[in-house]
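One-based numbering, in listed order, for ligands and for the atoms of each. Just so it is clear, the structure is predicted and the values come from calculations on it, not from any experiment.
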Amino acid sequence: MDRIRIVGGRPLEGIIDISGAKNAALILMTAGLLTDERLVLTNVPELADVATMGQLLAQHGIAVDPIAPRTLSLGGVITNTEAPYDIVRKMRASILVLGPLLTRTREARVSLPGGCAIGTRPVDLHLKGLEAMGAEIRLEGGYIDATAPHGLHGATITFPFVSVGATENLMLAASLAEGETVLINAAREPEISDLAACLVAMGAQISGVGTDRLTITGVKALHGAEHGIIPDRIEAGTYACAAAITGGSVLLRGARPDDLGAVLATLGQAGVDISTTPDGLKVSRRNGLHGTDAMTEPFPGFATDMQAQFMTLMAVAEGASMITESIFENRFMHVPELNRMGARINVHGSSAIVRGVAALSGAPVMATDLRASFSLVLAGLAARGETIVNRVYHLDRGYEAVERKLAACGATIERLAA
Ligand SMILES: CC(=O)N[C@H]1[C@@H](OP(=O)(O)OP(=O)(O)OC[C@H]2O[C@@H](n3ccc(=O)[nH]c3=O)[C@H](O)[C@@H]2O)O[C@H](CO)[C@@H](O)[C@@H]1O
Ligand SMILES: C=C(OP(=O)(O)O)C(=O)O
């Protein structure tokens, strides 16, 4: 397994191009199941998860072809409605094929994704929503067996709490269902608006985009389209932390400030200098960092996918901060590894108290999930001496060309191939 070696202590200076958003790319690719015509996606990030989604769609009959740099063409006819365990277990986002397969072919058999390192992550809201739209669902042998003998119909669905994936799955299903679907307490993440924009370009009828109440009026068929994927707000936020923790100055080219929600304001409170330029966000730090509290929440609140990275930043801030994780029940696995590097962090239930230290020291560490991996990279960039991050495959799921982007800004970082 590849490892990443970092020698810390060098301020990052330069430009980092922000790639297309992983979480938008994955859901947008599943929209390829909704039409026999060609869907062309541009600004597609080069990531392991995107390759996995390509593999999943290919075995459903939808070919995913690279036709230009960062451009995928999706097309074909659905020939198989089963999403097998072997692919789903690699990537939970595979559950997002359920809605499109069911609405298009009236049947789908999708392996239950199960939990992952950050939490149990049930899919009950996806299933209840589809049942309200007329699906008959059985769980057997680790699979979701879903049929819609009479097709899906519109329904009013009130989510008891915000779920990005359930909102997306039901939007896709509703776009070809009979009649009107209203999603209440829907997620408002920028990836949802990006999905809506693509579906509308394919002929879908959606109103309320950007709000927590989406109305989707089903149409008979969707057609092909070309759609550019939004920049990755989590990648942007992550590199903002990298610039800040090293006391550097970096232009995050392409980053969109509005998509970062509360993350930008929180970084500002912590002492990070951020300005918006026509090319993106300029992030630097001239003075010290101060302990600042954060609580993860659905968008526009502080993103859970930024929690681990922000915690590393607070680990070297002056004073204490309390970081509360309200979305996932087990998303503090980076804490013991950060503490091995000299951080002083205690976890109490869903909150972590971070007492800032003057410096971290490099160490061999183990990555446990995607964002935890980058929190260790950040610690390595700031630490004295050498850090080796093991289990880099988590990082490759969601960050494109990490070593290249950081090395171009002056970091001492390299991949040690297995
Ligand atoms: C591929 C993708 O886009 N992944 C993102 C997506 O994950 P994902 O779509 O899985 O996350 P959700 O928004 O659905 O999860 C939010 C919370 O709801 C719970 N839940 C969800 C669905 C359900 O049917 N029942 C249930 O209990 C989850 O366990 C979690 O505690 O949004 C998360 C929250 O912003 C991000 O961290 C992930 O990066
Ligand atoms: C949790 C994440 O992704 P996924 O939902 O694909 O596990 C993430 O991107 O941080």
Identify, by atom number and element, the atoms of ligand 1 in contact range of Thr304, meaning under 4.0 Å from any of its heavy atoms. 34 (C), 35 (O), 37 (O)

Salt bridge check, Asp305 against Arg331: does any charged N sit closer than 4.0 Å to a carboxylate O? yes

Answer yes if the side chains of Thr387 and Arg5 hold a donor-acceptor pair under 3.5 Å, and no otherwise. no

Would you call Glu131 and Lys128 a salt bridge, using N to O less than 4.0 angstrom? no

Atoms of ligand 2 close to Lys22 [distance to a heavy atom under 4.0 angstrom, numbered from 1]: 2 (C), 3 (O), 4 (P), 6 (O), 8 (C), 9 (O)

Got an N/O contact under 3.5 Å between Arg397 and ligand 2? yes

Using a strict 4.0 Å cut-off to heavy atoms of Asp305, name the atoms of ligand 1 that fall inside it. 36 (C), 37 (O), 38 (C), 39 (O)

Considering only heavy atoms, does Arg371 approach ligand 2 within less than 4.0 Å through its side chain, its backbone, both, or neither? side chain

For atom 14 (O) of ligand 1, the closest protein heavy atom turns out to be Ser163 OG, 2.6 Å

Should Asp65 and Arg38 count as an ion pair when the cut-off is N to O under 4.0 Å? no

Closest protein heavy atom to atom 31 (O) of ligand 1, given as residue, atom name and distance to 0.1 Å: Ile327 O, 2.6 Å

Gly165 neighbourhood, listing ligand 1 atoms whose heavy-atom distance to it stays under 4.0 Å: 9 (O), 14 (O)

Report the distance from atom CG of Asn330 to atom CZ of Arg121, rounding to the nearest 0.5 Å. 11.5 Å

Against heavy atoms of Ile118, which atoms of ligand 2 measure under 4.0 Å? 1 (C)

Among all protein heavy atoms, pick the one closest to atom 28 (C) of ligand 1 and tell me residue, atom and distance. Phe328 CE2, 4.1 Å

Apply side-chain hydrogen bond (donor to acceptor under 3.5 Å, both in side chains) to residues Ser19 and Glu400 and explain how you reach the verdict. CA-CA 7 Å; Ser19 299; Glu400 184 178 323; 3.2 Å; yes

Check each heavy atom of Arg121 against ligand 2 and say whether those closer than 4.0 Å belong to the side chain, the backbone, both or neither. side chain

Can you list the ligand 1 atoms lying under 4.0 Å from a non-hydrogen atom of Arg121? 7 (O), 8 (P), 10 (O), 29 (O)

To which of Asp49, Ile27, Thr120, Val164 does the heavy atom nearest atom 6 (C) of ligand 1 belong? Val164

Protein heavy-atom partner closest to atom 23 (C) of ligand 1 - residue, atom, separation in Å: Pro122 O, 3.0 Å

Consider every N or O of Glu329 and every N or O of ligand 1, then say whether any pair is closer than 3.5 Å. no

Pairing of Arg253 and Asp279 as salt bridge, 4.0 angstrom limit: no

Between atom CD of Glu37 and atom NE2 of His223, what is the distance when rounded to the nearest 0.5 Å? 7.5 Å

Proximal ligand 1 atoms for Arg331, defined as those under 4.0 Å from one of its heavy atoms: 37 (O)

Any Gly119 heavy atom less than 4.0 Å to ligand 1: no

What is the distance from atom OH of Tyr399 to atom NZ of Lys22, rounded to the nearest 0.5 Å? 9.0 Å

Phe161 heavy atoms, cut-off 4.0 Å: which ligand 1 atoms fall inside? 18 (O), 19 (C), 20 (N), 26 (C), 27 (O)

Is Arg415 paired with Asp2 through a side-chain N to carboxylate O contact shorter than 4.0 Å? yes

Taking only non-hydrogen atoms of Arg92 and a 4.0 Å limit, the atoms of ligand 1 in range are 10 (O)

Hey, are the side chains of Ile144 and Leu127 touching, using non-hydrogen atoms and a 4.5 Å cut-off? yes

salt_bridge(Asp258, Arg233) N-O dist < 4.0 Å: no

As a check for students: among Asn169, Thr296, Ile95, Asp124, identify the option with a heavy atom nearest to atom 25 (N) of ligand 1. Asp124

Using a strict 4.0 Å cut-off to heavy atoms of Arg331, name the atoms of ligand 2 that fall inside it. 1 (C), 8 (C), 10 (O)

Going by the order shown, which atoms of ligand 1 are within less than 4.0 Å of some heavy atom of Leu125? 23 (C), 24 (O), 25 (N)

Do the numbers put Arg109 on top of the ring of Tyr143, so that NZ or CZ is under 6.0 Å from the six-membered ring centre and no more than 45° off the axis? yes

Salt-bridged, Glu235 to Lys405, with N to O below 4.0 Å? yes

Protein heavy atom at shortest distance from atom 1 (C) of ligand 1: Asn23 OD1, 3.3 Å

